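Computed from a predicted model, the values in this text were never measured in an experiment.
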2 protein chains.
Amino acid sequence: MNNRRIPKYIQLKNELLSWLESGKLQRGQQVPSENEIAEQFGMSRQTVRQTFGELEKEGWLERIQGKGTFARSPERREGEQVKTIGIITTYISDYIFPHIVRGAEAELRSQGYRLLLSSTDNNKEKEMESLQLMTSQPLSGLIIEPTKSAEGNPNLAYFLELQEKGIPYLMINEKYRELECACLKVDDEAGGYKAAQYLLEQGHTQIAGFFKRDDLQGVNRLKGFLAAHKAAGISASPKRVVTYTTEQKSDFPYQQALQMLAEGEKRPTAFVCYNDELAVMLMEAVAASGLQVPEDVSVIGFDDSSLASASGTKLTTLTHPKTVMGQTAASRLIAMIEQGEQAEDMVYEPELIERDSVAKINKG
Amino acid sequence: MNNRRIPKYIQLKNELLSWLESGKLQRGQQVPSENEIAEQFGMSRQTVRQTFGELEKEGWLERIQGKGTFARSPERREGEQVKTIGIITTYISDYIFPHIVRGAEAELRSQGYRLLLSSTDNNKEKEMESLQLMTSQPLSGLIIEPTKSAEGNPNLAYFLELQEKGIPYLMINEKYRELECACLKVDDEAGGYKAAQYLLEQGHTQIAGFFKRDDLQGVNRLKGFLAAHKAAGISASPKRVVTYTTEQKSDFPYQQALQMLAEGEKRPTAFVCYNDELAVMLMEAVAASGLQVPEDVSVIGFDDSSLASASGTKLTTLTHPKTVMGQTAASRLIAMIEQGEQAEDMVYEPELIERDSVAKINKG
DNA sequence: TACGATAACTTGTACGTACAATCGAAGAGG
DNA sequence: CCTCTTCGATTGTACGTACAAGTTATCGTA
């Protein structure tokens, strides 16, 4: 019945493999002896041996002299599972990123996955390098924090390659607009809203905002900041809104703050800062201007990083899930890999933590 | 000449492998035909075929019907360039460790290596998990920060496995005593010495020391601390030396400090702390006791972490190479992998950074 | 010269025999 | 009851034959 062109030993091999697949041969179960098979299939023992030899080399069978031949699910099938997950973040050593990585690492290790880590320093070329390295060898999944998410995404090809290869990935903190992809993030707009709203409730009306504009996180926080003003019927002066890029972050906002603080009575009474890192920097600007936080100027940060409680004046700030987000991202990605689950967005609500950097203003 | 117990086809296999190793058979070169080999070695063609079959499965030979058999260096040797390096640290998210990881990551990425990251939380079982995961798939090299280096090393077997597989590794911060292995570290003893010496020069005589005892780093810093006292002819009171373990770190030293500070006039005038993290904690103890740094109590930290300059009172501390150490570790490991260079120890000299947490004491 | 047939050589498939080495169970002996 | 031996079953090693299938070079013919 079989095509005579197919060698007998290959036919036998296929037959045995189908036995294994159908469960007719359970792992550990003994296979009929070489002589039995030979008789049954009408071939010589040598031919059967050839088949068995290949199947043994490939890990399907185990032959034990004097005992017999036994089926075993090839270890490779399990071992071949790559079980390596990559994480690409903008930064590794600074700020809240170590905590995100840590959460993911702990989860991955407990699930038997290995973690490949790479950073981009918020630089598109390095993001490309990282993607290249990550995809150069088998990978189970990828977690990415977008680099300069507000700008375009020149590395789209790599993400399409991931989709083609069926490698699931998800984003944290932000997503690239061009990509259909699940994302775990903080509701940045709500955060910006809450920060401004809180200050307004405390009686502040002259509020300056400092936001990063090359990350969508900054753009969204600014959006919330403006929305809160609108809701309160107070207009936010454009002069009081400073936006900056990654490259400018170490100097430009600081200078702008100094300038505002030098305006005497017309100076703002509060700063809403893109994140704690900037907040700490601006607190130094306040001190350098001979003023005090919160007596003269109130400051609100973002992300509740260690900086917030380490600094001299404990910083009022908004929470960021950090470790939990890393852990959740990892466990969701594993679910996508192992159960093939569909990815869904997840949005964390930031909450305000009141500390010592905001003062109440008594009107009149 | 060969032991008759060794099957002929195995003997032939070994012979051919030695040809490949010695260069008698260059890759790509044609191997004598089955019949020639059979005649030459006085065996049947079937036996030669058995040998060739195995060597082909293992990737040493390539057989082409009608053409002949050809040697090929198994792709594994060159093609499978793994280019993945693992790093196992005690912590990922805290303290100076993110900076070490970052230095290593940047170097590895620029050299085209991928970084596998894992942490142990200073816990031996997790170290085992990490080693298991790391070695479960091909690896080019490994950088390890020992977990509880002052205690024994129950995971010795994994390190021996690395040596067997020819995977180079090196240690940072400390080394396990049981292992012959290159190590990049700070001269902790010199650091402890410098810290104590500096305080003694400032007129302090009642100096308390707080050191971790399950890491060799802490043991060595304590050693230097004591040596400086001896050199100055001042005895360090055992009551003033507190040692603690990882598990105790969040509470025990704090309580001990409170107790010392409650001794009134007899209280110590300075604290030498295992690291900045502890120093910040003890500064809080000082504040909680109604005292001030540096007026009432001077504090010296270690490692010049971000905590040192973020805190209210800027901390006088000793330097740690951090990022540079990570970068150097990576580049040395790559040299070991690619040039087969021998690993050498590298010791960094810590330097004292004077900030605001130490006061001069006027004698009399 | 260009082309195809052929021969010589290679490895691939398939069958066969014989005996060795090993394992496990059955049986013999204490 | 325990131990040793024996024996049958199984895989391992080694040799052999025969023919199929693919590659290459040579030779003969148009």
Side-chain angles (χ1 to χ4, degrees), chain A residues 1-20 24-72 74, chain B residues 1-17 19-20 24-74:
Chain A
M1 67 183 89
N2 285 310
N3 190 328
R4 63 181 170 181
R5 291 287 188 80
I6 299 176
K8 278 196 181 179
Y9 79 103
I10 298 281
Q11 289 180 34
L12 176 58
K13 191 171 165 181
N14 291 333
E15 180 68 20
L16 289 174
L17 284 173
S18 77
W19 287 7
L20 286 163
K24 185 171 171 182
L25 264 176
Q26 305 274 335
R27 69 169 184 172
Q29 193 181 336
Q30 184 161 8
V31 180
S33 76
E34 293 173 354
N35 284 320
E36 281 180 280
I37 293 278
E39 194 177 356
Q40 195 172 329
F41 285 81
M43 49 177 66
S44 80
R45 184 181 155 220
Q46 299 314 310
T47 307
V48 177
R49 280 189 65 72
Q50 188 170 3
T51 301
F52 279 24
E54 290 202 5
L55 288 172
E56 186 181 30
K57 279 268 178 191
E58 287 168 22
W60 299 98
L61 297 181
E62 185 179 7
R63 296 197 282 184
I64 302 173
Q65 186 175 140
K67 233 179 147 182
T69 306
F70 301 85
R72 73 168 182 193
Chain B
M1 68 183 87
N2 285 311
N3 191 328
R4 64 181 170 181
R5 290 286 188 80
I6 300 176
K8 278 195 179 181
Y9 78 102
I10 299 281
Q11 289 179 35
L12 176 59
K13 190 170 165 182
N14 290 333
E15 181 69 20
L16 289 174
L17 284 173
W19 288 7
L20 287 162
K24 186 171 172 182
L25 264 176
Q26 305 273 336
R27 66 170 186 172
Q29 194 181 334
Q30 183 161 10
V31 181
S33 77
E34 293 173 355
N35 284 319
E36 280 179 281
I37 293 277
E39 193 178 356
Q40 195 173 328
F41 284 82
M43 50 176 66
S44 80
R45 184 182 155 222
Q46 299 314 309
T47 308
V48 177
R49 280 189 64 71
Q50 189 169 2
T51 302
F52 279 25
E54 290 203 5
L55 288 172
E56 186 181 29
K57 278 268 178 191
E58 289 167 21
W60 299 98
L61 298 181
E62 186 179 7
R63 297 196 284 183
I64 303 173
Q65 188 176 138
K67 239 178 140 178
T69 306
F70 302 84
R72 74 168 180 194
S73 59

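- For B/T47, a side-chain nitrogen or oxygen approaches OP1 or OP2 of D/dC15 to under 4.0 Å.
- Within the 4.5 Å cutoff, the side chain of B/F41 has heavy atoms near those of the B/E15 side chain.
- Listed pair A/K67 / D/dA9 fails the phosphate criterion, with no side-chain N or O lying under 4.0 Å from OP1 or OP2.
- Of the possible donor and acceptor atoms, one in the side chain of B/Q30 sits under 3.5 Å from a partner among the backbone N and O of B/K67.
- In this structure, CD of B/E56 is placed 14 Å from C1' of C/dT10, rounded to the nearest angstrom.
- For the pair A/Q46 CD and D/dT11 P, the computed distance is 12 Å after rounding to whole Å.
- Regarding A/K13, its NZ atom lies at a distance of 10 Å from the P atom of C/dT13, rounded to whole Å.
- Side-chain nitrogen and oxygen atoms of B/S44 include none within less than 4.0 Å of the OP1 or OP2 phosphate oxygen of D/dA14.
- Comparing D/dG12, C/dT13, D/dA14 by their closest approach to the side chain of A/Q50 singles out C/dT13.
- Using a 4.0 Å heavy-atom criterion, one finds that B/E36 contacts the sugar-phosphate atoms exclusively.
- Going from atom CZ of A/R45 over to atom P of C/dT17 covers 12 Å, rounded to whole Å.
- Mapped onto DNA chain C by nearest heavy atom, A/M43 and A/G66 fall at different nucleotides, with A/M43 at the one closer to the 5' end.
- In this structure, the CD atom of B/Q30 is 14 Å from the P atom of C/dC9, given to the nearest Å.
- A/Q29 CD: more than 12 foreign heavy atoms inside a 6.0 Å radius.
- The side chain of A/S33 lies closest to D/dT10 when the candidates are C/dG12, D/dG12, D/dT10.
- Between A/E54 atom CD and C/dG12 atom P the separation is 11 Å, expressed in whole Å.
- Put simply, CD on A/Q65 is 19 Å from P on D/dG8, counting in whole angstrom units.
- Among the nucleotides D/dA21, D/dT10, C/dT13, the one closest to any side-chain atom of A/Y9 is C/dT13.
- Within the 4.5 Å cutoff, side-chain heavy atoms of A/L55 are placed close to those of A/L17.
- B/R49 has a side-chain polar atom (N or O) that falls below the 4.0 Å cut-off from OP1 or OP2 of C/dG12.
- Atom CZ of B/F41 is separated from atom P of D/dT13 by 18 Å (rounded to the nearest Å).
- No donor-acceptor pair under 3.5 Å is formed between the side chain of B/T69 and the backbone N or O of B/R63.
- Between B/T69 and C/dT11 there is a side-chain N or O to OP1 or OP2 distance below 4.0 Å.
- Out of D/dG12, C/dG24, C/dT11, the shortest distance to the side chain of A/E34 is found at D/dG12.
- Regarding contacts with the backbone of D/dG12, a side-chain N or O of A/R63 is found under 4.0 angstrom from either OP1 or OP2.
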